[in-house]
Every structure is written in C-alpha cells, then in structure tokens.
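Numbers here are sequence positions counted from 1.
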Amino acid sequence: MGAGYAGLSSALHLATLGYEVAVMESGRPGGGASGRNAAGWIPAYLDRTPDDVEALLGETAGRALNMMIAEGARLVPSLIEAHGIAADMKRSGILVASGAPKEAAAMRALAASWNARGGHVDFVDHAEVRRISGSCRFSQGLLYRDAGTLNPFAYATGLAEAACVAGVTIYCGQPAIGIDRDGERWRVRAPRGELIASHVLIATEGYAANATLWPALERCCYHVPMAMIASEPAPEVAARMMPAGIPVSDTNKSNPFWSMTDADGRIVASLLPPRRYSMSAAEVARSYEAKLRRLYGDVPALRWSHFWIGTVAISAERIPRLLSLAPGVHAIGGFSGQGIGAATAAGREYARLIDGRGDPAACRLPILDPRALPMRRAIPFLVRHVAAPLTRLTDRSYRRPPSPSLVN
C-alpha cells in the first residue's frame, strides 16, 4: 500500500520478475511525501556514517546496506533512462559544504568511507568549494558525484507509468483501511472493495495512514514537517549562487541550507517549517534570505512565488529497513529525508526478498522488529513551534570567512 517511491519501486521490480502486483493508493501516485520533497537525491544517511551502520547492524549486514545506498544513487538515473521518464533529471552531483574548518578531518574520513563501499565522493578544499558554490564562507565540502536533482512528482508519476506497463494495477483513491488474515493469505480492505494477497507491503511511512492499517506502526517514526520554497525564474542569481551548476547543501543540521535550480531557472530551497502555514512564500523565505546574504553578500533579491510543506518520516534507527509485522506482512521505510535514492533501492531489495522466498540473505535491507519512539506527537510540535523559531533567531553561521590558516 502506498504509491510513493518505495511502493512503486517494489511494484515495478516485482512485476519485472513476473509477479502479479496491485498497489492501493489513497490519492494519486506521488501525491504524498514523495512528490513534495526537496528534489535532490544523494547517497548518504541523515546522521549516520557507513562505519556507524556497520557497528549497528554488524559488519556483513551493515556493509550490504551501505552498498545498497551507494548503488541506489545510480539506480535512480538508470530507471529514468530505461523507462523514458521525463523528470527533469540533472546528474550534476551535490555539494555538501561546511563553514567549520574543524570538520575537515571527519569529512575526509567520510568520503574515504563511502568510496571504500562503492561510492564516488570527493573531499573538496576551500578553493574548490568556492568555485562550485560561489561563496568564500565555506571552508571545505564533500562532492557526491552520483547525486543529482529531479522533479520529484514527475519521477513518482513516471515510476507509476512504468509499473503499469509492466503489469501492475494501481488503485487510486482507494486507501487501504484494514488487513485481516484469510487462511495463509491476507485480505486488504478498501472503501470500495478488497484484495487477497500472499504478501503485503505497507509503504505509507511518510503519512499517518498506518494508524488504521497496523496501529503499532504509527509509533515507529516522527513525522517532522519541512518547508520548501521556489522563486520566480532567476537564472542570473542561480549562476551567482551555483556557478558550476551543482546544487549546494551544508552540514548545519539545526538550520539546514539547500539550494538548487529547476528547468525554468527557479531557485528551489528547503528550510525549517514556519510556525504558521498561512504565511506567504516571501515571509517563509526570510530566514533563508538571511543566510543567503551571509554567504553571498550582494546577491540580488529574489521574488518567491511558491511555498509548500513536506513531511520527513524519521525512524528510530534512521536507516532504511523493513519491519517484520507478521508472516508475509512488512512495512518499508526509515529513509529519514533521503528517500529518492534510498526508497527506490529499497523497493528493489524487497522484490528480491519476495523472489528469494523470504530468505533474508536475498535482501540487503535489514529486517527488524517495530520499535516505538517516545514523544511521537510532541517532537514534531516542538520542532515547528520551538526548535525552528529558536534556531532561526540564533543562527550565526557564515558571518565571516574562515581563517586562511585553518582551511588548507
């Protein structure tokens, strides 16, 4: 259930293997978290390193997941090209920059760690990060060469079309509202009918549908809001901010920075959510513009025309995983804001699990038991109404260039 990236990738890969597949979707493909994200795919975790993951899962299982993440970044363009998906894909790479010279050693180690597991990540020094970003305020960065940007809704729609061509049936406007045992199979109920299935995958982590499907799932992640803004076309400003044509993010987790351009030359950015969703795009953009001025000084003013809210589902583990709920029933998720590449790759791994008759060795996703999180409703509220306003008020990043003595 769920026609986002994970559900659609699972369906497409299962159908390609010859299975009869149906997808139940409450709205339309890509209409939830998948179609409302910040449009960049990057082979990385929210806040874990490959070494962290191998320590968490064990060397063999952890390395398998790390390899899946590294390869997933190449799977996205492969599927787009194979199925002719018109998603405004740019295989540009993504720069993750830092204004803190003290982070350089850890960033070098992270690049080496990913490269040892099939990634293509370059450590870039102050001069190179300035060439890529157009700003002198960053001290160093990581260039993820297998990363890029796309139109997230168009990618989801394209996956749905490819799945249908492969034989998948997608029931739009039919939310799954219950799952019951039917002998050795499962009966999945919707408002206007039901399906009988040997295997059920719940792929609705980004939204609260799990409360009726499998209540225990609702307690396994935080639904944290994030804001996205888009400007009127401004190709001159885009060239000033991203002279190499490479999107720019940073390592500031408390007040993150993300900038890219779309096919029309709009600046598209993500930022912490506003307290009031009734605010205009220009009002929401003020904190982003404050950081722009610190990074670029005299960058021309932008006219902000669009603002929307997306949801980041942050799991207890903060790694992609399958949750084992019952024989033949799994939930997929754990992408924690890195869903384009990770969810696409995870869907392929679930198909391999089914094709391998449930043998965990056939699947590089860890298969875990559900784990409840504390303060599940309080944390998203606190992020929006306490943490986000406070960090916007106190953020002093990039107020001066890094010291030349520290950046080489």
Set out, in order, the CA-CA distance, both residues' side-chain angles and the distance that settles ring-ring contact (aromatic ring centres under 6.0 Å, His included) for Y288 and W258, then state yes or no.
CA-CA 9 Å; Y288 174 80; W258 161 256; over 10 Å; no

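In summary, of the residues considered (I354, L14, V21), a side-chain contact (heavy atoms from CB on, under 4.5 Å) with H199 occurs for I354 alone.
Here the side chain of D250 pairs no donor or acceptor atom with the backbone of S98 at under 3.5 angstrom.
For E71 and R364, the salt-bridge test passes: some basic side-chain N is under 4.0 Å from an acidic carboxylate O. Ionic pairing of E81 and R91 is present here: one or more N-O contacts between side-chain nitrogen and carboxylate oxygen are shorter than 4.0 angstrom.
Partners of D262 according to the salt bridge (Lys or Arg N to Asp or Glu O under 4.0 Å) rule, which considers only residues two or more places apart in sequence or in another chain, are R266. Partners of Y398 by ring pair (Phe, Tyr, Trp, His ring centres under 6.0 Å), not counting sequence neighbours, listed by chain and number: F138.
No more than 12 heavy atoms of other residues, nucleotides or ligands lie within 6.0 Å of CZ in R130, so this atom counts as exposed by the packing criterion.
For an aromatic pair to be called close, the ring centres must be under 6.0 Å apart, and F335 with Y5 fails this. The distance between the ring centers of W41 and Y144 does not fall below 6.0 angstrom.
No side-chain heavy atom of V53 sits under 4.5 Å from any side-chain heavy atom of L56. D125 places none of its side-chain heavy atoms less than 4.5 Å from the side chain of S139.
Annotation: cation-pi geometry satisfied between R384 and Y277 (NZ/CZ under 6.0 angstrom from ring centroid, within 45° of ring axis).
When every heavy atom of A351 is checked against every heavy atom of S10, the shortest pair comes out as CB-O, 4.3 Å.
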